[in-house]
Amino acid sequence: VRDPIRTLKISGPLGLGICATLFLLANIAYFAAASKEEILDSGITVASLFFQKVFGEHAQRALTVFVALSALGNVLTITFAAARVNQELAKEGVPLPFGNKFWASNWPTGKSPMPALIIHLIPSVLVIVFPPPKVVYPFILNVEGYPAQIIHFFIIVGLFYLRYTKPHIRRPFKVGWPFAVFYFIAACFLMVAPFLPPANGVGDTPPFALLAILRCWNSCPILWRSVLGRMENHTPESVWI
(Lines give C-alpha, C1' and ligand atoms only; values in the text may rest on other atoms or scores of the structure.)
Protein backbone atom coordinates (compact mmCIF):
# COMPACT_ATOMS: atom_id res chain seq x y z
CA VAL A 1 0.00 0.00 0.00
CA ARG A 2 1.61 3.23 -1.14
CA ASP A 3 -0.20 5.55 1.25
CA PRO A 4 -1.62 3.38 4.07
CA ILE A 5 -2.85 6.28 6.20
CA ARG A 6 -4.87 7.84 3.38
CA THR A 7 -6.10 4.41 2.23
CA LEU A 8 -7.29 3.38 5.68
CA LYS A 9 -8.98 6.74 6.25
CA ILE A 10 -11.06 6.08 3.14
CA SER A 11 -11.50 2.31 3.19
CA GLY A 12 -12.25 2.04 6.92
CA PRO A 13 -15.34 4.28 7.12
CA LEU A 14 -16.45 3.16 3.65
CA GLY A 15 -16.24 -0.53 4.53
CA LEU A 16 -17.98 -0.08 7.89
CA GLY A 17 -20.70 2.02 6.27
CA ILE A 18 -21.38 -0.58 3.58
CA CYS A 19 -21.46 -3.43 6.11
CA ALA A 20 -23.76 -1.51 8.46
CA THR A 21 -26.15 -0.69 5.60
CA LEU A 22 -26.27 -4.30 4.39
CA PHE A 23 -26.77 -5.55 7.94
CA LEU A 24 -29.68 -3.14 8.48
CA LEU A 25 -31.29 -4.13 5.17
CA ALA A 26 -30.91 -7.83 6.01
CA ASN A 27 -32.76 -7.36 9.30
CA ILE A 28 -35.52 -5.44 7.55
CA ALA A 29 -35.84 -8.31 5.07
CA TYR A 30 -36.07 -10.87 7.88
CA PHE A 31 -38.97 -9.11 9.56
CA ALA A 32 -40.66 -8.50 6.21
CA ALA A 33 -40.69 -12.27 5.54
CA ALA A 34 -41.61 -13.54 9.02
CA SER A 35 -43.29 -12.24 12.13
CA LYS A 36 -41.66 -12.01 15.53
CA GLU A 37 -43.65 -15.02 16.77
CA GLU A 38 -42.56 -17.14 13.80
CA ILE A 39 -38.93 -16.26 14.40
CA LEU A 40 -39.12 -17.11 18.10
CA ASP A 41 -40.95 -20.41 17.55
CA SER A 42 -39.08 -21.64 14.47
CA GLY A 43 -36.14 -23.25 16.30
CA ILE A 44 -33.78 -22.35 13.43
CA THR A 45 -31.71 -19.32 12.54
CA VAL A 46 -33.47 -16.25 11.21
CA ALA A 47 -31.61 -16.44 7.89
CA SER A 48 -32.61 -20.08 7.44
CA LEU A 49 -36.25 -19.25 8.15
CA PHE A 50 -36.08 -16.35 5.67
CA PHE A 51 -34.76 -18.53 2.86
CA GLN A 52 -37.33 -21.23 3.64
CA LYS A 53 -40.26 -18.83 3.45
CA VAL A 54 -39.03 -16.85 0.43
CA PHE A 55 -37.13 -19.35 -1.74
CA GLY A 56 -38.19 -22.79 -0.47
CA GLU A 57 -36.61 -25.86 1.13
CA HIS A 58 -33.77 -26.29 -1.40
CA ALA A 59 -32.58 -22.72 -0.91
CA GLN A 60 -32.67 -23.24 2.85
CA ARG A 61 -30.34 -26.24 2.53
CA ALA A 62 -28.02 -24.31 0.23
CA LEU A 63 -27.87 -21.48 2.75
CA THR A 64 -26.65 -23.94 5.39
CA VAL A 65 -23.66 -24.76 3.18
CA PHE A 66 -22.88 -21.08 2.62
CA VAL A 67 -23.08 -20.37 6.36
CA ALA A 68 -20.68 -23.24 7.03
CA LEU A 69 -18.24 -21.89 4.42
CA SER A 70 -18.51 -18.42 5.92
CA ALA A 71 -17.81 -19.79 9.39
CA LEU A 72 -14.81 -21.69 8.02
CA GLY A 73 -13.45 -18.53 6.45
CA ASN A 74 -13.87 -16.67 9.73
CA VAL A 75 -12.05 -19.43 11.64
CA LEU A 76 -9.16 -19.45 9.16
CA THR A 77 -8.85 -15.65 9.31
CA ILE A 78 -8.84 -15.54 13.11
CA THR A 79 -6.38 -18.44 13.29
CA PHE A 80 -3.99 -16.73 10.87
CA ALA A 81 -4.22 -13.41 12.73
CA ALA A 82 -3.87 -15.01 16.19
CA ALA A 83 -0.80 -16.98 15.13
CA ARG A 84 0.89 -13.82 13.86
CA VAL A 85 0.02 -11.96 17.07
CA ASN A 86 1.41 -14.79 19.21
CA GLN A 87 4.58 -14.83 17.14
CA GLU A 88 5.08 -11.08 17.56
CA LEU A 89 4.50 -11.35 21.31
CA ALA A 90 7.21 -13.98 21.47
CA LYS A 91 9.56 -11.75 19.45
CA GLU A 92 8.89 -8.84 21.82
CA GLY A 93 9.97 -10.89 24.83
CA VAL A 94 6.66 -11.87 26.44
CA PRO A 95 7.75 -14.84 28.58
CA LEU A 96 6.58 -18.20 27.21
CA PRO A 97 7.46 -21.76 28.23
CA PHE A 98 10.59 -23.34 26.70
CA GLY A 99 12.02 -20.05 25.49
CA ASN A 100 10.78 -17.38 23.13
CA LYS A 101 13.03 -18.27 20.21
CA PHE A 102 11.05 -21.41 19.41
CA TRP A 103 7.65 -19.69 19.56
CA ALA A 104 8.92 -16.77 17.48
CA SER A 105 10.24 -19.04 14.73
CA ASN A 106 8.70 -20.36 11.52
CA TRP A 107 9.61 -23.96 12.31
CA PRO A 108 9.55 -26.41 10.52
CA THR A 109 8.76 -24.98 7.05
CA GLY A 110 10.45 -21.61 7.48
CA LYS A 111 7.36 -19.87 6.03
CA SER A 112 4.43 -20.26 8.46
CA PRO A 113 4.38 -19.65 12.25
CA MET A 114 3.61 -23.23 13.29
CA PRO A 115 4.80 -22.84 16.94
CA ALA A 116 2.57 -19.77 17.35
CA LEU A 117 -0.33 -21.81 15.97
CA ILE A 118 0.29 -24.34 18.75
CA ILE A 119 -0.18 -21.56 21.32
CA HIS A 120 -3.53 -20.79 19.69
CA LEU A 121 -4.43 -24.50 19.44
CA ILE A 122 -4.11 -25.36 23.15
CA PRO A 123 -6.77 -22.99 24.59
CA SER A 124 -8.98 -23.58 21.54
CA VAL A 125 -9.06 -27.33 22.19
CA LEU A 126 -9.71 -26.82 25.91
CA VAL A 127 -12.61 -24.44 25.25
CA ILE A 128 -14.18 -26.85 22.74
CA VAL A 129 -13.68 -30.12 24.67
CA PHE A 130 -14.48 -29.29 28.29
CA PRO A 131 -17.83 -27.39 28.18
CA PRO A 132 -21.03 -29.49 27.88
CA PRO A 133 -22.15 -29.96 24.24
CA LYS A 134 -25.39 -27.99 24.72
CA VAL A 135 -23.65 -24.83 25.84
CA VAL A 136 -20.34 -25.05 23.97
CA TYR A 137 -21.34 -22.66 21.15
CA PRO A 138 -22.65 -19.79 23.34
CA PHE A 139 -19.77 -20.44 25.72
CA ILE A 140 -17.22 -19.95 22.92
CA LEU A 141 -18.99 -16.76 21.80
CA ASN A 142 -19.02 -15.42 25.36
CA VAL A 143 -15.38 -16.32 26.01
CA GLU A 144 -14.44 -14.37 22.89
CA GLY A 145 -16.89 -11.48 23.26
CA TYR A 146 -16.90 -10.57 26.96
CA PRO A 147 -13.11 -10.28 27.48
CA ALA A 148 -12.96 -8.26 24.26
CA GLN A 149 -15.23 -5.65 25.82
CA ILE A 150 -12.87 -5.38 28.79
CA ILE A 151 -9.95 -4.84 26.41
CA HIS A 152 -11.95 -2.24 24.47
CA PHE A 153 -12.74 -0.45 27.73
CA PHE A 154 -9.07 -0.12 28.65
CA ILE A 155 -8.17 0.97 25.11
CA ILE A 156 -10.63 3.86 25.36
CA VAL A 157 -9.37 4.74 28.84
CA GLY A 158 -5.83 4.81 27.42
CA LEU A 159 -7.00 7.02 24.57
CA PHE A 160 -8.55 9.49 27.02
CA TYR A 161 -5.38 9.44 29.12
CA LEU A 162 -3.09 10.17 26.16
CA ARG A 163 -5.38 12.90 24.85
CA TYR A 164 -5.26 14.58 28.26
CA THR A 165 -1.57 14.13 29.11
CA LYS A 166 -0.04 14.42 25.61
CA PRO A 167 -2.39 16.52 23.49
CA HIS A 168 0.30 17.69 21.05
CA ILE A 169 1.45 14.29 19.78
CA ARG A 170 1.05 13.88 16.02
CA ARG A 171 -1.77 11.41 15.38
CA PRO A 172 -2.29 10.18 11.79
CA PHE A 173 -5.61 8.70 12.95
CA LYS A 174 -7.64 10.78 15.36
CA VAL A 175 -11.06 9.70 16.56
CA GLY A 176 -13.58 12.35 17.50
CA TRP A 177 -14.59 12.78 21.13
CA PRO A 178 -18.29 11.92 20.51
CA PHE A 179 -17.35 8.57 18.94
CA ALA A 180 -14.90 7.77 21.73
CA VAL A 181 -17.45 8.62 24.44
CA PHE A 182 -20.14 6.56 22.72
CA TYR A 183 -17.76 3.59 22.41
CA PHE A 184 -16.80 3.97 26.09
CA ILE A 185 -20.46 3.94 27.18
CA ALA A 186 -21.16 0.90 24.99
CA ALA A 187 -18.19 -0.99 26.46
CA CYS A 188 -19.32 -0.18 30.01
CA PHE A 189 -22.85 -1.36 29.25
CA LEU A 190 -21.66 -4.61 27.68
CA MET A 191 -19.46 -5.31 30.71
CA VAL A 192 -22.26 -4.68 33.21
CA ALA A 193 -25.22 -6.19 31.33
CA PRO A 194 -24.23 -9.87 31.81
CA PHE A 195 -24.42 -9.40 35.59
CA LEU A 196 -28.09 -8.41 35.32
CA PRO A 197 -30.35 -11.50 35.50
CA PRO A 198 -32.55 -11.95 32.41
CA ALA A 199 -36.28 -11.54 32.80
CA ASN A 200 -37.03 -15.13 31.74
CA GLY A 201 -34.32 -16.59 33.97
CA VAL A 202 -32.48 -18.13 31.01
CA GLY A 203 -28.91 -17.03 30.38
CA ASP A 204 -25.63 -18.21 28.96
CA THR A 205 -22.21 -18.34 30.58
CA PRO A 206 -22.01 -16.51 33.93
CA PRO A 207 -19.68 -13.49 33.66
CA PHE A 208 -17.80 -14.64 36.76
CA ALA A 209 -16.62 -17.71 34.82
CA LEU A 210 -15.51 -15.51 31.91
CA LEU A 211 -13.60 -13.20 34.24
CA ALA A 212 -11.94 -16.20 35.89
CA ILE A 213 -10.86 -17.57 32.49
CA LEU A 214 -9.52 -14.17 31.43
CA ARG A 215 -7.66 -13.72 34.71
CA CYS A 216 -6.17 -17.22 34.52
CA TRP A 217 -5.00 -16.77 30.95
CA ASN A 218 -3.48 -13.35 31.64
CA SER A 219 -1.71 -14.72 34.73
CA CYS A 220 0.16 -17.42 32.78
CA PRO A 221 2.91 -15.11 31.43
CA ILE A 222 3.30 -13.51 34.88
CA LEU A 223 3.65 -16.89 36.59
CA TRP A 224 6.10 -18.13 33.98
CA ARG A 225 8.16 -14.92 34.32
CA SER A 226 8.30 -15.51 38.07
CA VAL A 227 9.37 -19.15 37.65
CA LEU A 228 12.11 -18.24 35.18
CA GLY A 229 13.30 -15.43 37.39
CA ARG A 230 13.73 -17.75 40.35
CA MET A 231 15.29 -20.61 38.41
CA GLU A 232 17.61 -18.77 36.03
CA ASN A 233 17.53 -15.08 37.00
CA HIS A 234 16.03 -14.69 33.54
CA THR A 235 15.23 -11.33 31.94
CA PRO A 236 12.92 -11.43 28.89
CA GLU A 237 14.53 -10.09 25.74
CA SER A 238 13.26 -9.38 22.27
CA VAL A 239 13.89 -12.05 19.66
CA TRP A 240 14.79 -10.97 16.13
CA ILE A 241 14.35 -13.48 13.33
List the steps, then state whether side-chain contact (heavy atoms from CB on, under 4.5 Å) holds for Asn106 with Gln87. CA-CA 9 Å; Asn106 289 324; Gln87 186 181 48; 2.8 Å; yes
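- Annotation: the span from His152 atom NE2 to Cys188 atom SG amounts to 13.0 Å, rounded to 0.5 Å.
- Expressed to the nearest 0.5 Å, how far CG of Leu22 lies from CG of Asn27 amounts to 11.5 Å.
- The NZ atom of Lys174 sits 11.0 Å away from atom NZ of Lys9, with the distance rounded to the nearest 0.5 Å.
- Put simply, the side chain of Lys91 does not reach to within 4.5 Å of the side chain of Trp103, judged on heavy atoms.
- A donor-acceptor pair under 3.5 Å is absent between the side-chain atoms of Ser35 and the main chain of Phe31, judged by distance alone.
- The two residues Leu49 and Ala34 have their closest heavy-atom pair at CD2-CB, 3.9 Å.
- Both Val67 and Val46 are members of a single hydrophobic cluster when ILVMFWY side chains are connected at heavy-atom separations under 4.5 Å.
- Put simply, the side chain of Lys53 reaches to within 4.5 Å of the side chain of Glu38, judged on heavy atoms.
- Here the side chain of Arg171 pairs a donor or acceptor atom with the backbone of Ile169 at under 3.5 angstrom.
- Pairing each heavy atom of Ala83 with each of Leu117, the nearest pair is CB-CD2, 3.6 Å.
- In this pair, Tyr30 and Phe50 present their aromatic rings perpendicular. The plane angle is above 60°, beyond the 30 to 60° band.
- At least one donor-acceptor pair closer than 3.5 Å links the side chain of Thr165 to the backbone N or O of Tyr161.
- Hydrophobic clustering of Ile, Leu, Val, Met, Phe, Trp and Tyr side chains at less than 4.5 Å, counting indirect connections, unites Leu159 with Phe179.
- Residue Arg84 holds its CZ atom at 11.5 Å from CG of Asn86, rounded to the nearest 0.5 Å.
- For the residue pair Glu92/Asn100, the side-chain donor-acceptor check at 3.5 Å is not satisfied.
- Here the two rings, on Trp177 and Phe160, have centers that are under 6.0 Å apart.
- A side-chain contact (heavy atoms from CB on, under 4.5 Å) with Ile18 is found for exactly one of Thr21, Leu16, Leu14, namely Leu14.
- Linking ILVMFWY side-chain heavy atoms closer than 4.5 Å, directly or via other members, places Val157 and Met191 in a single hydrophobic cluster.
- The distance from the CZ atom of Phe153 to the CD1 atom of Ile151 is 13.0 Å, given to the nearest 0.5 Å.
- Minimum interatomic distance between Leu8 and Pro13 (heavy atoms only, all atoms of both residues): O-CD, 3.7 Å.
- With rounding to the nearest 0.5 angstrom, the SG atom of Cys19 is 13.0 Å from the CG atom of Leu24.
- A single hydrophobic cluster is not seen to contain both Tyr183 and Val192; linkage of ILVMFWY side chains at heavy-atom distances under 4.5 Å, directly or through other members, places them apart.
- Here the closest non-hydrogen pair linking Trp107 and Pro115 is O-CD, 3.2 Å.
- Both Phe184 and Val175 belong to a common hydrophobic cluster when Ile, Leu, Val, Met, Phe, Trp and Tyr are linked at side-chain heavy-atom distances under 4.5 angstrom.
- Formation of a donor-acceptor pair under 3.5 Å by the Ser105 side chain with backbone atoms of Phe102 is found in this model.
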